[in-house]
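One structure is given below, encoded as structure tokens.
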Amino acid sequence: MKYITHSLVILLSFLIWAGTAHAVEKTSGQSRLPVTESMVNQKFIFIGNLIKRSKTFKNIEAHGDEDVFEDIANVKALYKKAELSVQQGDYEVANNLLNEIVKLVTSITRKESKVTNDQTNSLRYYNERKATIIALMKTFDEITTNEQTANESLEPRRRMVDDFLNQAKSNITNGEVDGAIVNVDKAYDVAIRITIEVRDGITLIRELNFETAKDEYLYEIDRNDSHYFLLDITVKEKKPSAKMLLSIQKLREESDGMRADADNEAKSGNYEAATDILNKSTKNLIRAIRMGGNFIPG
Amino acid sequence: MKSGYWLFILTICLSGSGIAASFAQEYDILHPPLGTEGIYDPENPGIEYLQQPSEALSLLPSSPTGNYVDWVKAMDDSLIEPRASIYGDQIMRAISMDVIMQQTGSMPYVRFPHYDHSLILSCTNCHTAIFLPKKDANPVNMYTILKGEFCGVCHGKVSFPLTDCFRCHSSVRDKRVLDE
């Protein structure tokens, strides 16, 4: 008994030690990669590609101004120094030089691309925001007119949206993109606030009403198509057994046949009959989807 | 002597659970370690310096699909607080407006919660490029979604997958209940 207890104590002590060691190893973590020969060599090749072969760097060389040319010369000089350090086996120095190159190339790239990117992004941002505001306000106007929810506090702010938008448009005409962004943002902010005021806490219901038998048939076609899609996804994701796959395939073929029958009925103008057949086809697909391992009601 | 023995056993159990937790983290099935998931290069020496998905994701509320995290609940529980902008100088204006879609065939109705979406997206992200903010202006159905339009622009790609049916088809079919 005594030996068993001692053995247990030794075993459990080891477990404590192992647990603690593992935890320390997990949490201590170094802040940066250790500098090794293979790592520096790999980095040297990558950065060589960046400054000799990359499209970005070639573009910079082709379009850069005088400041940029000076930076490019610095990059190349640093790379030569790094090459020398690698040859001499001084990997720590080489690594630092390569890091310097990355920083420099990043700053050149930003400097070069800032102007064009900023303008393109700002214009895109302006156009998207403007489209959102116009659409939201169109709906807002319909809501306030139809539901008579307009009030004294909303109307001046509704006008503010148009004022800010008009200012933004004149900014654009005068080439003041930054000013346009400020104004379109102001318009957006007010538009969102008043939209929230008339719509917050509301539940909208999209009802299912078909005006004609053809409309219902077209709806059933979409529903049938989406179940085919869903079946494909289910089979791909759930990976049913080979035996189950055979049954699924059989149901699918039956559905295909019914779909063809429905199409023929629709061509003859018998949309009601076509809808009934499509319903049966979809039900078959639902069974197949369930067999595949995805439960859906129906 | 006896109380010392039980104290010792308790220490062992705590240590053992620590080891089990480390093991679970290392071999997390839901959040596989970097390099085993087919995205990161396991040969890259830098991989061990990156945070393991299990370390961050296993602390968040779980979901049965996707990356197994319920991100909306994580926000509701204040476990994550997404920034409104890079510099944190903007605020999100969330709107609480549900849209119930009844064209769902045999499935429960779809409840689209504007609130959950507007907590992390600007109106411009969806309106007007994806959805027109107008009643019956968006012919949404599973076919178009599965093709990657409407909800399918994000869901199935960066948001929860389309096979998690009842996350969207979450509304009972009885309209009387909806009206209450």
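Keep in mind that what you see is a predicted model, and the values were worked out from it rather than measured.
- The number of heavy atoms from other shown groups lying within 6.0 Å of NZ (B:Lys157) is above 12.
- Other residues, nucleotides and ligands contribute at most 12 non-hydrogen atoms within 6.0 Å of the CZ atom of A:Arg287.
- Closest heavy-atom contact between B:Ile95 and A:Thr195: CD1-O, 4.1 Å.
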Given the rule in the side-chain contact (heavy atoms from CB on, under 4.5 Å) test, do B:Gln103 and A:Tyr219 qualify, once you have shown the distances and angles that lead to the verdict? CA-CA 9 Å; B:Gln103 288 174 285; A:Tyr219 166 72; 3.8 Å; yes
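- More than 12 non-hydrogen atoms from other residues, nucleotides or ligands lie less than 6.0 angstrom from CD of B:Glu37.
- Nearest heavy atom pair, residue A:Ile196 against residue B:Ala94, reads CD1-O, 3.6 Å.
- Within 6.0 Å of CE in A:Met39 there are more than 12 heavy atoms belonging to other residues, nucleotides or ligands.
- If you measure heavy-atom distances from B:Asn138 to chain A, the contacts under 4.5 Å come from the backbone alone.
- Atom CE of B:Met101 sits about 12.5 Å away from atom CD1 of A:Ile205, to the nearest 0.5 Å.
- Residues B:Ser96 and A:Asp200 share a closest heavy-atom pair of N-OD1, 2.6 Å.
- Only the side chain of A:Tyr188 comes within contact range of chain B, with at least one heavy atom under 4.5 Å from a heavy atom of that chain.
- Rounding to the nearest 0.5 Å places CE of B:Met107 at 10.0 Å from OG of A:Ser226.
- The parts of A:Asp189 that come within reach of chain B are both its backbone and its side chain, each placing non-hydrogen atoms under 4.5 angstrom from that chain.
- The CZ atom of A:Phe295 sits 10.0 Å away from the SG atom of B:Cys165 when rounded to the nearest 0.5 Å.
- For the set A:Lys138, A:Glu220, A:Arg193, the entry with the most heavy-atom pairs within less than 4.5 Å of chain B is A:Arg193.
- No other option in B:Gly46, B:Pro161, B:Pro108, B:Ser122 has as many heavy-atom pairs under 4.5 Å with chain A as B:Ser122.
- Side-chain contact, B:Thr124 with A:Glu128: no donor N or O sits under 3.5 Å from an acceptor N or O.
- More than 12 heavy atoms of other residues, nucleotides or ligands lie within 6.0 Å of CG in B:Leu59, so this atom counts as buried by the packing criterion.
- In this structure, no portion of B:Ala137 lies under 4.5 Å from any heavy atom of chain A.
- When the shell of 6.0 Å around CZ of B:Phe166 is examined, it contains more than 12 heavy atoms from other residues, nucleotides or ligands.
- Salt-bridge annotation for B:Lys134 and A:Glu142: present, with a side-chain N of the basic residue lying under 4.0 Å from a carboxylate O of the acidic one.
- Your options are A:Arg206, A:Arg223, A:Gln42, A:Arg129, and the one with the most heavy-atom pairs under 4.5 Å with chain B is A:Arg206.
- Remark: B:Thr163 OG1 to A:Leu230 CG distance equals 8.0 Å, nearest 0.5 Å.
- When the candidates B:Thr104, B:Thr128, B:Thr144, B:Leu146 are compared by the number of heavy-atom contacts under 4.5 Å with chain A, B:Leu146 comes out ahead.
- For the atom pair OG1 of A:Thr203 and CE of B:Met97, the computed distance is 9.5 Å after rounding to the nearest 0.5 Å.
- For chain A, the option among B:Glu48, B:Lys147, B:Met142 with the highest count of heavy-atom pairs below 4.5 Å is B:Met142.
- Once rounded to the nearest 0.5 Å, the distance linking CG of A:Asn294 with CG of B:Asp164 reads 9.0 Å.
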